Amino acid sequence: MLSREDNELLTRTGPDAPMGQLLRRYWIPALISDELPRPDCTPVKVKLLGEELLAFRNTNGDVGLVDEFCPHRKVSLYFGRNEECGIRCVYHGWKFDVSGQCVDMPSEPPESSFKEKVKIKSYPCRERGGVVWTYMGPPELMPELPELEWALVPDSHRYTSRRIQECNYFQAIEGGLDSSHISFLHRNAGGQGFMGTKAFDKSQAPSYLTQDTAPKFEIEKVDYGMMVGAKRNADPGNLYWRITQFVMPFYTMIPPFEHSPRGAHAWVPMDDEHVYTWNINWNPLRALTDEERDILKQGRGIHMELIPGTLRTVQNKDNDYLIDREAQASGKSFTGIKGIGAQDSAVQETQGAIADRSVERLGTSDAAIIAARRIMLNAVKNLQQGIAPPAIDAKSHNVRSASLILPEGVAFQIGAKEKLVTQPGDFIDVESTEQSDVV
Amino acid sequence: MLSREDNELLTRTGPDAPMGQLLRRYWIPALISDELPRPDCTPVKVKLLGEELLAFRNTNGDVGLVDEFCPHRKVSLYFGRNEECGIRCVYHGWKFDVSGQCVDMPSEPPESSFKEKVKIKSYPCRERGGVVWTYMGPPELMPELPELEWALVPDSHRYTSRRIQECNYFQAIEGGLDSSHISFLHRNAGGQGFMGTKAFDKSQAPSYLTQDTAPKFEIEKVDYGMMVGAKRNADPGNLYWRITQFVMPFYTMIPPFEHSPRGAHAWVPMDDEHVYTWNINWNPLRALTDEERDILKQGRGIHMELIPGTLRTVQNKDNDYLIDREAQASGKSFTGIKGIGAQDSAVQETQGAIADRSVERLGTSDAAIIAARRIMLNAVKNLQQGIAPPAIDAKSHNVRSASLILPEGVAFQIGAKEKLVTQPGDFIDVESTEQSDVV
Amino acid sequence: MLSREDNELLTRTGPDAPMGQLLRRYWIPALISDELPRPDCTPVKVKLLGEELLAFRNTNGDVGLVDEFCPHRKVSLYFGRNEECGIRCVYHGWKFDVSGQCVDMPSEPPESSFKEKVKIKSYPCRERGGVVWTYMGPPELMPELPELEWALVPDSHRYTSRRIQECNYFQAIEGGLDSSHISFLHRNAGGQGFMGTKAFDKSQAPSYLTQDTAPKFEIEKVDYGMMVGAKRNADPGNLYWRITQFVMPFYTMIPPFEHSPRGAHAWVPMDDEHVYTWNINWNPLRALTDEERDILKQGRGIHMELIPGTLRTVQNKDNDYLIDREAQASGKSFTGIKGIGAQDSAVQETQGAIADRSVERLGTSDAAIIAARRIMLNAVKNLQQGIAPPAIDAKSHNVRSASLILPEGVAFQIGAKEKLVTQPGDFIDVESTEQSDVV
């Protein structure tokens, strides 16, 4: 439970909100590089932290992220012409480069110096790992790009999607950190398996997850956020651990199921009532096969099928996520809702546009989300006191989730030590591994 | 005309509103029993007096009506699993019985006593007359179930439907009490007849209704609400009476047209801008024939065709109730709108989500609605003074509407005396009567 | 740039707003006469300056414009029966004539005098030029109908359409006065030409418009509003002038392109976030040919295709005006949006429901819109001081736009003098002219 004040503090991300100011200290995934596939291609509207922006790739291939509206008469630049290193408003031909500078103002006399004085809001962009990243904070405080493993592997090793979810970003983060719910919500996930592979169903993990539905949590706060170790009974004398990270400010790492590709999320606030849910699968050791990639493109695993031309999902709140009540009743599916992503959306979105945390009843299994809230609230309150945010160091993001069996009495920090950091060279030496058994 | 204050008092039904508190002292029709056709079937969302609730039928066949949202993290239980005497949240498996008690909390350690402390809002339910009734008021003040005739006849004798109408409940009640409008709005009701039968068109009533369009009203306030006698000129020396009751807090009785089945409505506030319109036809003396039942199922008479899977009507505000302007212009239909129900919706909904009674121009023909408002406002103001509500006694609901011809000078209370109460045994002795001539 | 206060003053048009009071001093185009094609035909909802009204043509052919809602119980008269010189509410049969007087009240006793006391809001209507005009101001201050040229030519010479645009009326007016934007927004207007003819593409004008994209403006304030002369470089020693008028309170005149029919707009506030965009083409000298009329009916030139049964355009904000990004990228179309009307809607609507003029960056090319705002604000502030509005005199509207080439140094007021007023007899002597070359 949070007070209403803390709930507001946690969930409001606009330019004037304290949390908005905290989030603006980090690089933010703005869009997938492939959404701007060519120089001078169609621009893309992007709303970040409540700000309406426009992304475009210029003639040189550079990406600009600028105010969606022309400063002259406030017309949307979305209808603009993307030409010769600038986006040109179609109303009076004013043109802006990726820095936001007005570089052509043909409606004014040639001798006019007005255009030099006109510059629109623009945020610096960089591309890494198939993502256009942007930084919306004070320029003098801009950190290095975060070294998340999935952003560092070759493009061939990774598949990324994003979608709009109709709720505040933080209840989505909470879902990503909540190991407890996978014993229920994703139990028997409709034959789809986790990560789009059959590995989940074939591995031993599910039986541990089903047999011990009350994992105990061990939380370790770390520089970049926290590690959550969720332990369940395995064979006598052994514990099955699922270890996930919350990496500030909005990344979560999914513990793997044996040979399946790795998975992670980024939960990027669009505005306070919508979140861009980023879904990434990657194999650090080898390229994804065409078959794996095809399956993920279909919206399997943590991905979802989108309504063409939009980031809205085919299964959504308005159609009850296409729940199949017969499959639910027969037990063929625990929820009757097909797919991990839709299952998560169903619970996260029905919590309300902004979940009211002043009326919850939390249990011991909520230890991770309680800790995550505290970390975010501490960081935002600290920033209000002038204390710099955590996890600004690019290296701090280079962590891995893990799942493994350890003897009772062995701390996960010790027993899983090597698994919890990226092994140097892992994703450079494309070492052959057993290929995951794709559904 | 009402002051704005009284209009608010009359129309606001939430938990904190005085009218909300009055309405919570009565049993309320929540849903049709057949909407929960089997033990452990799909639950149904029900919004009553502004409260979002979930109805489910458990393994024993008992109906629970509980808070729609799991207390743990406020996820909708609508997606829950209805299994082994409880509804189980799919997020973390918490399970609640029909009393709202948490009976399973598998995400917490087995030794935890947390679940005993967790109980959600639940309202007692009873089934009678094919209806699930609920009581949302103080438990110690719960009355007996109301003995409305339609709820006491065998199921074979009755057909019930409900639909959502996009307006406040009280303007719908006013429509139900307004004898005057049937001379206009329902004149030549598109060949459908009243109650789905041809009786209306064949009886003498229509000519009285058409020839005398300015009925005079006699109102008698009674324990349970009021009786409205609307008299029109019939043959010389005789008056055609249509006598209807307003039974507190939201029932109206439709005076019959000769051999047609009887009809009644309940107008149950969903929230302040939507009402569940309940429509009931029954024959106290015999079972409805298959033919009658088939016709009513098609949405004839006071019933309406619904968009499948919803309680929204096919004819609705967004499509102008599918008005046929040619039929209207030719006089084939007075309104051009097909069906009694759609005609009523058209006028009641265009009054606005909540009719503004401070700007009306009422005439003598509005005597019944003026009286009904006064009765409701008196009851709510009395309750604020601690005076118990009227019509709490179950027996008080056991009344009948009537239509008949009486000599001038005979008071309807005398002349129709025997017709205005249920005759004991009527609906037990299935006495044969002339079968209504179904369209 | 305007202060927020002046922006409010400029854009709010309801009954209590100062601008609403100014606009109510003029005759207003309410609907096209053909929208009420026959006596006793289906009525039409019209919302003007925020007031919900109903237009109907009675048995005598007269048009009434009355409150949409019956005063009795506030039901929409839109569903009413239009019969025998009045619109009859279908709820209780109350009937109103075009003056708003209740002329039948059959739900009350025949001896009642109630109906004489009941009169609803009604605005006087007159028909001229294929338009139903209404006057919503104080009766004693009603002026003569404005003598706009397009309203005075024979019906055969004119084609009129109207549509709903999703923005405040004044940003649409600004678009109509903004000569600068046609060098961009309408450049290479997708092969459609201006006014639905090929004239634009064939005339010399486009090359002037394309070669000199920074017109200089000369504004002359006049009794009826203002004249805007926009001059561009033509051949050496010559200037290409486009001269348009802003005729109070919401008319703009499009300078012609050679032999094309003339064009004009009226921008009539529906409410503060929607405007009825009226589009008129006419030839003062001869009837439009069937071919011209057919093309305009298809939604070419300044007209647009409507969704059948509505005034909403097929190309609209929700579908990005059906922008063709390939046509835009290839330069086949400057915007990729087909049609002058849709191009204008795209820029005017994306300025927001009510453009925020406190955050603009205006240049010298915005001289006309700056002047128009000042004229409107002066008029409204003067009216608040009791000073009568300008352009009330019917004769003051009888002006013409022009486009022509003048030697440098010749003032447009002198050089174009004869072209800027209607020539007496022009549209009476149907003198043969070269027929415009229709696309």
Side-chain angles (χ1 to χ4, degrees), chain A residues 1 167 171 174-175 178-188 210-217 230 233 317 319-321 323-331 333-337 342-352 354-367 369, chain B residues 36-45 52 54 56-59 67-84 87-96 100-102 104-121 307-310 312:
Chain A
M1 264 183 69
C167 67
Q171 64 214 60
E174 290 173 345
D178 180 351
S179 185
S180 168
H181 81 277
I182 61 171
S183 291
F184 305 99
L185 189 68
H186 305 315
R187 181 189 300 185
N188 185 1
T210 310
Q211 285 160 23
D212 184 352
T213 60
K216 293 192 175 53
F217 288 86
N233 296 321
K317 199 176 173 184
N319 58 26
D320 288 344
Y321 310 94
I323 190 170
D324 177 344
R325 293 287 187 179
E326 284 185 31
Q328 185 194 48
S330 71
S333 159
F334 186 74
T335 56
I337 296 170
Q343 290 157 8
D344 282 329
S345 290
V347 297
Q348 292 165 15
E349 293 180 351
T350 63
Q351 289 180 302
I354 300 180
D356 180 358
R357 293 174 180 77
S358 71
V359 292
E360 303 167 316
R361 298 293 298 270
L362 301 183
T364 60
S365 68
D366 296 301
I369 67 163
Chain B
L36 296 172
R38 286 177 305 280
D40 295 336
C41 62
T42 298
V44 174
K45 288 187 201 179
E52 292 176 303
L54 191 73
F56 67 102
R57 189 182 293 281
N58 76 3
T59 314
D67 192 338
E68 187 195 326
F69 300 95
C70 177
H72 177 207
R73 300 284 309 286
K74 294 292 171 182
V75 161
S76 176
L77 291 168
Y78 173 66
F79 296 105
R81 295 179 59 81
N82 188 6
E83 55 178 31
E84 290 164 45
I87 184 92
R88 185 185 295 282
C89 181
V90 291
Y91 204 178
H92 301 93
W94 293 20
K95 183 173 163 184
F96 302 89
Q101 179 61 50
C102 185
D104 194 20
M105 196 182 268
S107 62
E108 292 295 311
E111 62 277 15
S112 166
S113 64
F114 187 27
K115 79 166 181 240
E116 278 86 56
K117 298 177 199 148
V118 174
K119 188 168 184 178
I120 55 176
K121 179 167 71 181
I307 296 170
T310 77
R312 188 164 206 232

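Model, not experiment: these values are computed from the prediction. Each chain gets a letter, A, B and so on, in the order its sequence line appears, and its residues count up from 1.
- For the pair B/K74 and B/F69, the cation does not sit on the ring face, since its NZ or CZ is not both under 6.0 Å from the ring centre and inside 45° of the axis.
- With a 6.0 Å cutoff to the six-membered ring centre and a 45° limit on the axis angle, B/R81 counts as a cation-pi contact of A/F334.
- Closest heavy-atom contact between B/S107 and B/W94: OG-NE1, 3.0 Å.
- Note that A/R325 lies in the cation-pi zone of B/Y78, set by a 6.0 Å cut-off to the ring centre and a 45° limit from the axis.
- With a threshold of 4.5 angstrom between heavy atoms, B/F79 approaches chain A through its backbone and through its side chain.
- For the options A/E174, A/Q348, A/K216, heavy-atom pairs under 4.5 Å to chain B are most numerous at A/E174.
- Chain B forms more heavy-atom pairs under 4.5 Å with one residue of A/E349, A/Q328, A/E360 than with any other, namely A/Q328.
- The candidate with the highest count of non-hydrogen atom pairs below 4.5 Å against chain A, out of B/K117, B/E83, B/E68, B/H92, is B/H92.
- Using a 4.5 Å cut-off between heavy atoms, B/Y91 contacts chain A through both its backbone and its side chain.
- Comparing A/I323, A/I369, A/D320, A/T335 by heavy-atom pairs within less than 4.5 Å of chain B, the highest count is held by A/D320.
- Closest non-hydrogen pair, B/H72 versus A/D366, comes out as NE2-OD2, 2.6 Å.
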Original post:
How far apart are the C-alpha atoms of A/S365 and B/E108, what are their side-chain angles, what is the distance that settles it, and do they pass the side-chain contact (heavy atoms from CB on, under 4.5 Å) test?
Top reply: CA-CA 6 Å; A/S365 68; B/E108 292 295 311; 3.2 Å; yes
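- Ranked by heavy-atom pairs shorter than 4.5 Å toward chain A, the options B/S112, B/P110, B/G80 are led by B/G80.
- Residue contact with chain B, scored on non-hydrogen atoms closer than 4.5 Å, is absent for A/S183.
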